[in-house]
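Everything on this sheet refers to the single structure shown next.
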Amino acid sequence: MLIRVINPNTTRSMTEKIGASAQRVAAPGTRIVATNPDSGPVSIESHFDEAISAVGVADEVRKGEKEGTDAYVIACFGDPGLLAARELTRAPVIGIAEAAFHLATMISTRFSIVTTLSRTGIIAEHLLQSYGFAHHCRRVRAAEIPVLDLEDDGACALDRIVEECRRAKAEDNIGAIVLGCGGMADLADEIRDAVGLPIVEGVTAAVKLAETLASLKLGTSKHGDLAFPPGKRFTGRFEHLSS
Ligand code: 2AL
């Protein structure tokens, strides 16, 4: 089985870390290809960053279609371009936020999210609402870490995330914590051991769900709104998308 794990930002070190975490939980026989767009923001911390990155995610799905990809993972916590990506393939496409929300509700009645920056918290809140998980989430918390600090050993990111998770455990009356950034993919075990709660991490959750859907031959429905987009002419820098 071939799973393409797309890091929507263009920071290669983060893509490699995400790929290693994905491969660590993958079943024997699953091959992970971890990629990121050639162009776009180095980190995704705003609605603008998300909008630009969604074009890169679509490009990565189009590349994956030429390689016989069995399932895709979008490894950014805003799930940028998720529905557009689903339109481009028959394979399942899983966003790390939706994967984490689903698994968290199966092991707890209430969870909190610990994400990077307060301003990206609103993106998680919108997703909770649109996916129907708002009632399951007590609180969206931020450790106030810029995304690229997760790539910097000197930034004490782990300590700050652990501190925020401990506050969530003490104050939120929750059973589990969802980590709110693809760049936290390698931290779940250490955080769980330090905090003493189940820690749901989206990249690993999404890989296991992607394997499950692909092995059950459950691909993206092409009946209705997720059918391939209608062919049409694109202009200017998107002319190559014309069909
Ligand atoms: C993210 C993420 O997962 N990757 C990135 O660049 N920005 N989202 C976030 N809330 O920090």
Side-chain angles (χ1 to χ4, degrees), residues 4-22 34-60 72-82 85 93-101 103-104 111-131 133 137 139-152 155-158 160-162 164-165 168 177-188 191 199-207 209-210:
R4 192 173 186 91
V5 179
I6 302 166
N7 171 21
N9 75 44
T10 59
T11 297
R12 192 66 216 164
S13 60
M14 191 175 290
T15 306
E16 280 163 15
K17 177 171 70 180
I18 286 168
S21 296
T35 63
N36 56 258
D38 300 329
S39 310
V42 294
S43 63
I44 298 165
E45 300 175 321
S46 67
H47 303 296
F48 179 76
D49 294 344
E50 275 211 336
I52 303 294
S53 72
V55 176
V57 169
D59 286 343
E60 286 303 314
Y72 295 87
V73 169
I74 299 179
C76 171
F77 204 74
D79 296 352
L82 178 60
V93 184
I94 315 291
I96 65 170
E98 63 168 358
F101 298 160
L103 294 199
F111 61 84
S112 285
I113 299 170
V114 174
T115 188
T116 48
L117 297 172
S118 294
R119 76 171 290 167
T120 64
I122 190 66
I123 294 173
E125 284 172 22
H126 285 162
L127 292 184
L128 287 163
Q129 281 160 14
S130 65
Y131 296 160
F133 288 103
C137 182
R139 192 161 161 187
V140 180
R141 291 173 167 269
E144 300 306 350
I145 305 166
V147 169
L148 291 186
D149 276 11
L150 293 164
E151 301 304 287
D152 174 0
C156 304
L158 176 62
R160 279 147 70 193
I161 297 164
V162 165
E164 198 58 36
C165 288
I177 291 172
V178 167
L179 296 183
C181 182
M184 298 178 185
D186 57 334
L187 303 180
I191 297 171
I199 303 295
V200 185
E201 189 288 307
V203 173
T204 45
V207 166
L209 289 178

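Just so you know, ligand 1 is whichever comes first in the structure, and atom 1 is the first atom listed for that ligand. Note that this is a predicted model, so its numbers are computed, not measured.
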message = So, applying side chain to side chain contact (heavy atoms under 4.5 Å, CB included) with I113, which one of L128, I177, L179 is it?
response = L128
key: Identity and separation of the nearest protein heavy atom to atom 8 (N) of ligand 1   = I44 O, 3.7 Å
request  = Spell out, as yes or no, whether a donor-acceptor pair under 3.5 Å connects the side chain of R4 to the backbone of E60.
outcome  = yes
Sub-4.0 Å atoms of ligand 1 with respect to non-hydrogen atoms of S43 = 6 (O)
key: For atom 4 (N) of ligand 1, the protein heavy atom that lies nearest, with its residue and separation   = C76 SG, 3.6 Å
inquiry  = Counting non-hydrogen protein atoms only, what is the nearest one to atom 3 (O) of ligand 1? Give residue, atom name and distance.
reply    = G182 N, 2.8 Å
task = Consider every N or O of V147 and every N or O of ligand 1, then say whether any pair is closer than 3.5 Å.
result = no
inquiry  = Out of all atoms in ligand 1, which are within 4.0 Å of some heavy atom of T120? Include the element for each.
reply    = 10 (N)
ask   = Any ion pair linking R12 and E16 (charged N to carboxylate O, less than 4.0 Å)?
value = yes
inquiry  = Check the orientation of F101 and F77. Use parallel for under 30°, tilted for 30 to 60°, and perpendicular for over 60°.
reply    = perpendicular
ask   = Salt-bridged, R119 to E45, with N to O below 4.0 Å?
value = no
note = So CZ of R141 and OG1 of T115: to nearest 0.5 Å the spacing works out to 13.0 Å
request  = Please report which non-hydrogen protein atom sits nearest to atom 11 (O) of ligand 1, along with the residue it belongs to and the distance in Å to one decimal place.
outcome  = T116 OG1, 2.7 Å
request  = Give a yes/no on ligand 1: does G180 have at least one heavy atom closer than 4.0 angstrom to it?
outcome  = yes
ask   = Which distance, rounded to the nearest 0.5 Å, do you find between the OG1 of T116 and the CG of L148?
value = 10.5 Å
ask   = If we only count N/O pairs under 3.5 Å, is T115 in contact with ligand 1?
value = yes
